[in-house]
There are 2 protein chains.
Amino acid sequence: MMFSKSFGYALRGILYLGMSDEAKPWIQLDEIAQELAVPRHFLGKVMKKLVKDGVLNSQKGPYGGFCINENTLKTSLLKLMEITGEVEENGVCVLRLRKCNALNPCPMHHQIESLRRQWQALLASTFIGDLIRKDQPGFINSIAAI
Amino acid sequence: MMFSKSFGYALRGILYLGMSDEAKPWIQLDEIAQELAVPRHFLGKVMKKLVKDGVLNSQKGPYGGFCINENTLKTSLLKLMEITGEVEENGVCVLRLRKCNALNPCPMHHQIESLRRQWQALLASTFIGDLIRKDQPGFINSIAAI
DNA sequence: CATATAAAAGACAACATTGTCTTTTATTCG
DNA sequence: CGAATAAAAGACAATGTTGTCTTTTATATG
């Protein structure tokens, strides 16, 4: 019940862009990495993936950088996890037993089942847009704090 | 919301011992690894840790092997995770932000909080003994199935 | 005591994730 | 067009987890 570092970087990068002043159309990797205190080049790779998957836009050259687009706020956390490479573990047994199911449950099956459903539901129904709080003054601080 | 392989091996190894015929006091690594279809030497390392932490007993030499002891059934899954090296993530923010807390929550804080509490509670209050079903004929199958 | 047995221990390889550095490509602007 | 800028891409290192193999240690038995 923990996200990968890639996921965390991706989410925080996106939120940083989402919170940025719209007067400045493109935000550079340098600024994002510095503000979030995150390894620059690694973040670059993650951002690249997000661009490839259409979750963000990017622009090369002077005054270029990254910005959100029409998909960004509608992107679910589940989608984000897929992009950042979290394994697809929808029906997979927590103990990785292939034959585990309701009829032939592994010892953990019943204990875990409900929590996993809640977890999946949360990831699928929470969108980037839900996480942005433009009205909250400490918001940027809360994603920058490391 | 997934256990490490080490954890899975440990749990299944313990349960295998817990289900074994008590007429045979010690069970060898060879048998366990084969029955559970698990890498033998890697399992050996995991079992060694369990012995060191007093969750299992072991005996070298001919007719030696592993067996459960007075602690085994009373061991919680949380304890098992600690032994198998799952990081201690009790108060840690899911995004690994150090300054995240109820007063200065990260964007995921409220969404996750309740689920994490349930997860922690489940791990702390589920014991090895709770997972053994001596009455259930398919039980061994359910931990052997890979 | 000698031998066989089985865990314990240690060395090392495969693999994935994370992180750093350099080169390439695209774009803006003078 | 030429220079500067910034993302894209690629090479490679550090680290952690998982897996394999070999050697050492302890113990039971003849």
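FYI, side chains are in, hydrogens and waters are out, and symmetry mates aren't considered; it's all heavy atoms of this structure.
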Discussion item. For B:D30, give me all partners under salt bridge (Lys or Arg N to Asp or Glu O under 4.0 Å), at least two apart in sequence or on another chain.
Written reply: B:R40

Response to the item:
Separation of C:dC21 atom P from A:L43 atom CG, nearest Å, is 16 Å

Response to the item:
Taken to the nearest whole Å, NZ/A:K5 to P/C:dT20 is 10 Å

Worksheet item: Using a cut-off of 4.0 Å between protein heavy atoms and nucleotide atoms, how would you tag nucleotides 1-9 of chain D 5' to 3' with B, S and -?
Response: ---BBBBSB

Worksheet entry | Distance, rounded to the nearest Å, where B:E31 contributes CD and C:dA6 contributes P | 11 Å

Fill in: Distance, rounded to the nearest Å, where A:L36 contributes CG and C:dT18 contributes P
16 Å

Worksheet item: To the nearest Å, how far apart are B:E86 CD and D:dT18 C1'?
Response: 13 Å

Fill in: Rounded distance (Å) that lies between atom P of C:dT18 and atom CZ of A:F7
12 Å

Item to complete: Sequence neighbours left out, what passes salt bridge (Lys or Arg N to Asp or Glu O under 4.0 Å) with B:K45? Give chain and number order.
Response: none

Discussion item. Please tell me whether B:I14 and B:W26 are part of a single hydrophobic cluster in this structure, the criterion being side-chain heavy atoms less than 4.5 Å apart.
Written reply: no

Worksheet item: Hey, which of A:M47, A:H41, A:Q34 is the one that makes side-chain contact (heavy atoms from CB on, under 4.5 Å) with A:L29?
Response: A:M47

Fill in: Phosphate OP1/OP2 of C:dT17: any A:S6 side-chain N/O under 4.0 Å
no

Discussion item. Is there a path of hydrophobic side-chain contacts, each under 4.5 Å between heavy atoms, that joins B:L131 and B:F127?
Written reply: no

Discussion item. For a quick test of reading the model: is some side-chain N or O of A:Y9 closer than 4.0 Å to OP1 or OP2 of C:dT18?
Written reply: no

Response to the item:
In this structure, CD of B:E35 is separated from OH of B:Y16 (nearest 0.5 Å) by 4.0 Å

Discussion item. Whole angstroms only, please: what is the CZ-C1' distance between B:F3 and D:dT18?
Written reply: 18 Å

